Asks: 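One structure is given below, represented as structure tokens, and several questions about it will come after.
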Amino acid sequence: MSTAAPTPRTDWTVPEKPGLEDLETRWDSHWEEQGTYRFDRTATRDGVFSIDTPPPTVSGSLHVGHVFSYTHTDTIARYQRMRGKSVFYPMGWDDNGLPTERRVQNYYGVQCDPSLPYDPAMPTPTPMSERPKEEQKKLPVNISRRNFIELCNLLTTEDEKAFEQLFRTLGLSVDWSRTYATIDDHCRRVAQRAFLHNLDRDEAYQAEAPVLWDVDFRCAVAQAELEDREMPGAYHRIPFVHTGTGEPIFIETTRPELIAACVSLVAHPDDERYQPLFGTTVRSPLFGVEVEIRAHELADPEKGSGIAMICTFGDITDVTWWRELQLDTRPIVTDNGRIASEVPEWIAAGGPDAIAAYEKLAGKTVKQAQVLIVELLREAGALDGEPKPITHPVKFYEKGDRPLEILTSRQWYLRNGGRDLELRGALLERGSELHWHPGHMRVRYENWVNGLNGDWLVSRQRFFGVSFPIWYPLDADGQPMHDSPIRAEEAALPVDPATDTPQGYDESQRDQPGGFTGDPDVMDTWATSSLTPQIATGWGEDPDLFERTFPMDLRPQAHEIIRTWLFSTAVRSHLEHDSLPWRNAGISGWVLDPDRKKMSKSKGNVVTPLHLLEQYGADAVRYWAASGRPGTDTTFDEGQMKIGRRLSIKLLNASRFALGLGSADGSAVVHDASAVTEPLDRAMLADLARLVDDTTAAFDGYDYARALERTESFFWQFCDQYLELVKTRAYGSRGDHAAASAQAALQLALSTLLRLFAPFLPFVTEEIWSWWQEGSVHTAPWPDASELRERAADGDPLAFAMGAEVLSAARRAKTEAKRSLKWPVELIAVADTGARAAALQSVVADVQEAANAESVTVDLAAESAVTVTLAAEPDGA
RNA sequence: GGGCGUUUGGCUCAGUUGGUUAGAGCAUCUCCCUUACAAGGAGAGGGUCGGGGGUUCGAAUCCCUCAACGCCCA
């Protein structure tokens with residue numbers, strides 16, 4: 001592929017009144033017709049640049065945060081395309097998960113019941129909003145999982161159209177023929193296939209273990225989905241009675257309602273107060289259950305009385321103690337967040353009083369139980385003083401409203417290095433193989449991997465999502481045999497074990513003793529999202545495409561999901577392909593509101609982008625976005641959009657000038673680049689060559705913002721200084737030869753600048769390009785500095801700088817004298833050092849004309865000085 | 001409590017390996033309707049680079065320390 005500047009047409013015309021109106025619609029449909037951004041799949045891997053686009057969540061609407069980060073990616077995509085790469089730039093939609101599930105439930109008044117069979121003839125329900133009032137009060141209709149997913153597809157398709165339209169208006173150079181949705185069959189097939197491979201390699205396993213449980217969602221929650229929230233609580237000082245001495249041992253707890261679940265007391269091994277008691281026992285108040293006093297380093301002598309009650313389970317430290325001290329399991333909280341209604345055996349053993357006390361708590365929520373038990377303790381004289389209010393961090397599911405409980409249950413896990421130092425080391429190594437932009441983001445990855453304390457919990461007790469492609473045989477009592485799961489055939493994927501029948505069985509055997517039952521859980525949404533590279537590149541389904549695009553070149557994403565999305569994707573690829581999923585990670589910052597707070601739906605400070613695109617135009621909005629440094633949080637600033645718009649208008653006008661020169665009738669005069677003979681023109685081109693070097697290096701380092709800043713800064717110099725200096729000569733004041741030099745340089749410079757701006761301002765650059773060039777600027781070659789240097793020949797950037805400096809001095813003199821800029825100058829006397837004086841001398845004729853000066857003298861001196869003498873009166877005044 | 005990042009004129013930001021009077025744009029003020037551009041142009045004023053200490057001939061730029069803010073994790 002040639003990298004020389006494309007040859008202009010010879011029949012160009014320049015619009016009389018160029019404008020920015022309607023560019024988006026016009027060029028978007030043109031690009032679509034021309035297939036400008038189609039992936040060329042004849043390209044081999046080294047000629048491809050592939051992008052693992054983040055699939056936005058399809059619920060609600062896009063906001064400026066999307067516009068911001070997706071623009072960053074697009075500038076890189078456009079740069080790589082101009083560098084001759086076949087850019088693989090698909091778009092995904094994340095319509096998997098709770099938000100979609102809830103929307104479909106409310107919109108259609110339905111509820112998923114996975115036990116129901118699929119009804120292929122089910123009519124689409126009338127949306128709730130279109131139903132009569134009295135009908136809206138009816139209970140939701142239960143439908144099968146497959147029918148439910150079909151409704152999800154139906155509803156999200158509409159949202160996806162709106163998203164695509166907005167992204168098109170923004171000018172993303174996505175190949176819109178390549179989209180995927182995370183609930184579609186393809187994605188579910190990939191997720192299930194990857195899971196089966198993990199299972200075959202023993203990377204996926206099930207275990208009965210304590211899990212953090214959201215009692216409202218009735219669902220297990222993974223480490224990555226946790227957050228701490230500061231919550232009010234109170235320390236309750238409660239005596240346990242020592243079985244030997246009869247003395248009270250005071251513990252302090254924030255969760256007195258769990259006394260019935262107490263399995264031990266614990267103190268620090270070095271704590272002299274309690275050392276004599278280790279190995280002896282106490283009885284719990286109210287229930288009289290005998291528990292042992294144990295020693296463990298995690299007990300904090302400074303906290304409360306220094307001795308703590310271990311329950312199964314009150315918090316995650318209890319889990320550690322329970323595991324390391326091999327304690328009994330005595331759960332009393334059930335999956336709905338209430339105290340179990342049946343009296344547990346260890347309580348029943350305590351006699352009628354214990355049973356009576358427990359029965360008062362049974363069936364209550366933990367919150368109600370706490371109030372009750374405080375009363376009971378007080379009545380029994382087992383509460384020392386009043387509870388002391390404190391504020392402490394409590395674990396929540398990030399989308400949940402009530403504190404998490406800890407329950408034991410059977411779940412699927414995926415190995416991620418959380419319990420395996422060797423795997424952890426390998427994943428850390430992957431992190432250092434990856435090129436991070438900016439580099440310091442790697443540390444977040446490393447911190448996360450080093451802080452893992454368990455494998456990845458991937459099963460969720462939800463209805464909607466990708467099912468595990470697994471059934472279990474039932475024994476003669478109808479109990480599932482979890483140790484011998486029946487895996488689905490790969491060719492049959494995707495499957496829904498709730499309605500599909502495993503091979504070797506008949507549907508009539510479902511849930512019958514000796515028959516089979518489907519795994520009831522679905523996968524964590526990250527289990528699908530972590531496979532976006534495999535989904536996009538056709539892993540396992542289109543080996544030819546996979547070969548050309550994987551591992552991908554770039555994963556663009558935001559920094560707060562390094563621990564989730566980026567890490568989990570690295571895990572899946574490491575396990576499946578023994579490689580990184582991509583070579584580069586481009587991490588975008590956030591958009592902050594003017595108070596420097598992150599824009600988020602929950603804060604209500606979100607700005608939607610549609611009106612911005614209408615008001616300022618896509619190029620201007622992109623200009624603002626591309627000004628945000630990689631990885632840096634950026635303040636939302638409409639002022640930047642105004643500047644972007646001004647820049648676009650300036651481009652139109654400067655182009656109109658440059659291309660309108662040289663002929664009276666407006667038709668084109670194409671100059672051979674060898675026509676560039678004047679020192680000023682050569683100096684400008686030499687300067688431009690440096691700019692091309694700079695911006696190319698910046699883009700190669702994924703620093704689009706730097707590339708934009710450099711280009712913009714050059715462009716304003718170009719307009720304010722160069723155009724003014726050559727204007728009269730370009731019109732022909734010093735003959736055809738000198739004019740041709742200017743015109744040729746202007747054409748080459750404009751061609752170069754349009755291509756440098758194209759990744760940022762795709763619409764206005766394409767518009768101008770279409771005036772005088774063949775094809776699209778977006779598939780034109782990226783500018784070549786060596787070509788410019790060749791044309792610049794002996795050009796010295798200093799000559800351009802000197803010309804600009806002296807012209808500025810003349811302008812300053814006129815402005816300070818309150819004269820117009822065309823006011824004549826009698827004399828400009830310049831004194832300067834050797835090299836600077838010589839550089840100026842070479843362009844002195846251009847300076848003289850631009851300043852409208854009678855004469856310009858250049859003398860050698862040790863110090864620079866410019867003296868401007870204005871004419872007394874303008875000619876003809 | 002740990003990690004990462006940020007702190008430059010009224011506002012939003014540049015400042016690449018330490019080096020000439022710290023740069024833009026917006027805003028402010030002054031001037032100019034000059035045939036690419038009045039949704040424009042030319043110019044001016046305004047900061048000593050969060051505080052303190054150190055290294056150096058020389059630091060916004062390197063080191064130490066403190067502070068504020070943001071994010072992530074305990």
Side-chain angles (χ1 to χ4, degrees), chain A residues 14-21 223-224 226-228 316-317 393 395 438-453 558-564 587 589-590 592 594-598 615-617 620 623-624 627-629 631-661 694 697-698 701 703 705-706 708-710 712-713 716-721 723-724 726-728 730-731 746 750 768 807-824 850-852 864 874:
Chain A
V14 180
E16 195 51 43
K17 266 276 172 197
L20 297 174
E21 279 59 51
Q223 188 184 353
L226 293 181
E227 67 182 33
D228 283 355
I316 54 171
T317 318
K395 299 233 173 287
H440 65 80
M441 292 295 178
R442 171 182 290 120
V443 181
R444 297 197 184 204
Y445 174 94
E446 288 168 351
N447 285 348
W448 174 250
V449 178
N450 282 319
L452 288 169
N453 56 28
H559 50 64
E560 87 280 14
I561 51 174
I562 288 174
R563 66 186 177 130
T564 49
I587 309 295
W590 286 339
L592 306 176
D595 296 329
R596 301 201 66 80
K597 295 268 177 277
K598 186 198 175 188
Q615 184 176 351
Y616 299 105
Y623 172 88
W624 158 73
S627 304
R629 254 61 202 173
T632 304
D633 296 345
T634 301
T635 313
F636 175 73
D637 185 5
E638 291 193 41
Q640 284 294 112
M641 297 177 197
K642 290 180 189 159
I643 298 165
R645 186 166 178 87
R646 201 169 66 119
L647 174 63
S648 302
I649 292 171
K650 192 79 174 174
L651 260 174
L652 285 175
N653 287 320
S655 302
R656 194 166 91 85
F657 168 70
L659 299 177
L661 286 166
D694 261 11
D703 194 347
R706 188 185 177 85
L708 172 59
E709 191 214 337
R710 294 300 159 106
E712 184 192 11
S713 156
W716 285 106
Q717 285 291 311
F718 176 79
C719 290
D720 297 345
Q721 313 294 356
L723 291 189
E724 294 304 324
V726 295
K727 192 180 276 180
T728 48
Y731 280 134
L746 281 167
L750 184 66
I768 298 167
L807 180 61
S808 284
R811 285 174 182 154
R812 192 177 309 118
K814 293 179 192 186
T815 301
E816 280 168 1
K818 303 197 174 183
R819 301 298 190 191
S820 92
L821 289 181
K822 65 178 180 186
W823 192 272
N852 192 19
S864 308

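It should be emphasised that the depicted structure is a prediction, and the values quoted were computed from it without experimental measurement. Below, chains carry the letters A, B, ... as their sequence lines are ordered, and counting in each starts from 1.
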Asks: Anything under 30° is parallel, anything over 60° is perpendicular, the rest tilted; go ahead and classify A:H559 against A:W590.
Replies: tilted
Asks: On RNA chain B, check which nucleotide each of A:E816 and A:R706 is closest to and give me the residue with the more 5' one.
Replies: A:R706
Asks: Any side-chain N or O of A:K650 below 4.0 angstrom from OP1/OP2 of B:G41?
Replies: yes
Asks: Identify whether any heavy atom of A:L723 sits under 4.0 Å from a base atom; if not, whether one sits that close to sugar-phosphate; answer base, sugar-phosphate or nothing.
Replies: base
Asks: Would you say B:U12 has OP1 or OP2 under 4.0 Å from some side-chain N or O of A:S627?
Replies: no
Asks: Looking only at heavy atoms, what is the nearest atom pair of A:A654 and A:L723, with distance?
Replies: CB-CD1, 4.1 Å
Asks: Within this structure, what is the CZ-OH distance for the pair A:R645 and A:Y616, rounded to the nearest 0.5 Å?
Replies: 9.5 Å
Asks: Considering only side-chain heavy atoms of A:E724, which listed nucleotide, B:C37, B:A14, B:G41, is closest?
Replies: B:C37
Asks: Provide the Watson-Crick or G-U wobble partner of B:A60, both distances under 3.5 Å; none if there is no partner.
Replies: none
Asks: Give A:L821 one of three labels, base, sugar-phosphate or nothing, depending on what nucleic acid heavy atoms sit under 4.0 Å from its own.
Replies: base
Asks: Nearest of B:G43, B:A14, B:C37 to any side-chain atom of A:R656?
Replies: B:C37
Asks: So what does A:Q640 touch, heavy atoms closer than 4.0 Å: a base, only the sugar-phosphate, or nothing?
Replies: nothing
Asks: Just by modelled atom types, is the A:S820 backbone N or O under 3.5 Å from a matching donor or acceptor in the A:K814 side chain?
Replies: no
Asks: At their closest point, which heavy atom of A:L807 faces which heavy atom of A:A850, and how far apart are they?
Replies: CD1-CB, 3.8 Å
Asks: Does B:U20 have a Watson-Crick or wobble mate here (both distances under 3.5 Å), and if so which one?
Replies: none
Asks: If you check the A:R629 side chain, which of B:G15, B:U34, B:C4 turns out closest?
Replies: B:G15
Asks: Which nucleotide, B:U12, B:A42, B:C72, lies nearest any side-chain atom of A:T635?
Replies: B:U12
Asks: NA contact type, A:K814, heavy-atom cut-off 4.0 Å: base, sugar-phosphate, or nothing?
Replies: nothing
Asks: Could you let me know what B:G5 is paired to, Watson-Crick or G-U wobble, both distances under 3.5 Å, or none if it's on its own?
Replies: B:C69
Asks: Which nucleotide in the set B:C31, B:C32, B:C37 lies at the smallest distance from any side-chain heavy atom of A:S820?
Replies: B:C32
Asks: Among the nucleotides B:A44, B:G25, B:G41, which one has an atom lying closest to any side-chain atom of A:W716?
Replies: B:G41
Asks: What is the base-pairing partner of B:G25, counting Watson-Crick and G-U wobble geometry with both distances under 3.5 Å?
Replies: B:C11
Asks: Please determine whether a side-chain nitrogen or oxygen atom of A:R812 lies at a distance below 4.0 Å from atom OP1 or OP2 of B:G41.
Replies: no
Asks: Given B:G3, B:A39, B:G25, which nucleotide is nearest the side-chain atoms of A:I649?
Replies: B:A39
Asks: Nearest whole angstrom, please: distance from the C1' of B:G5 to the CD1 of A:I587.
Replies: 14 Å
Asks: A:R819 side chain N/O closer than 4.0 Å to the phosphate oxygens (OP1, OP2) of B:A42?
Replies: no
Asks: Can you tell which of B:G43, B:G41, B:C71 lies closest to the side chain of A:R811?
Replies: B:G43
Asks: What is the separation between atom CZ on A:F657 and atom C1' on B:G40, rounded to the nearest whole Å?
Replies: 16 Å
Asks: If you measure from the P atom in B:C69 to the same atom in B:C63, how many Å do you get, rounded?
Replies: 24 Å
Asks: Hey, does A:R645 reach any base, or is it just sugar-phosphate, or nothing, if we go heavy atoms under 4.0 Å?
Replies: base
Asks: Judged by each residue's nearest nucleotide on RNA chain B, which is more toward the 5′ side, A:A817 or A:Q721?
Replies: A:A817
Asks: As a test of reading the structure: which of B:A42, B:G3, B:C37 is closest to the side chain of A:T815, going by heavy atoms?
Replies: B:A42
Asks: Between P on B:U12 and CZ on A:R646, what's the gap in Å once rounded to a whole number?
Replies: 19 Å
Asks: If you check the A:R563 side chain, which of B:C71, B:G41, B:C73 turns out closest?
Replies: B:C73
Asks: Is A:E724 paired with A:K822 through a side-chain N to carboxylate O contact shorter than 4.0 Å?
Replies: no
Asks: Considering Watson-Crick and G-U wobble pairs with both distances under 3.5 Å, what does B:G40 pair with?
Replies: B:C32
Asks: Between A:R811 and A:E816, does any NZ, NE, NH1 or NH2 come within less than 4.0 Å of an OD or OE carboxylate oxygen?
Replies: no
Asks: Determine the contact category for A:N852: base if any of its heavy atoms lies under 4.0 Å from a base atom, sugar-phosphate if only primed atoms, P, OP1 or OP2 are that close, otherwise nothing.
Replies: nothing
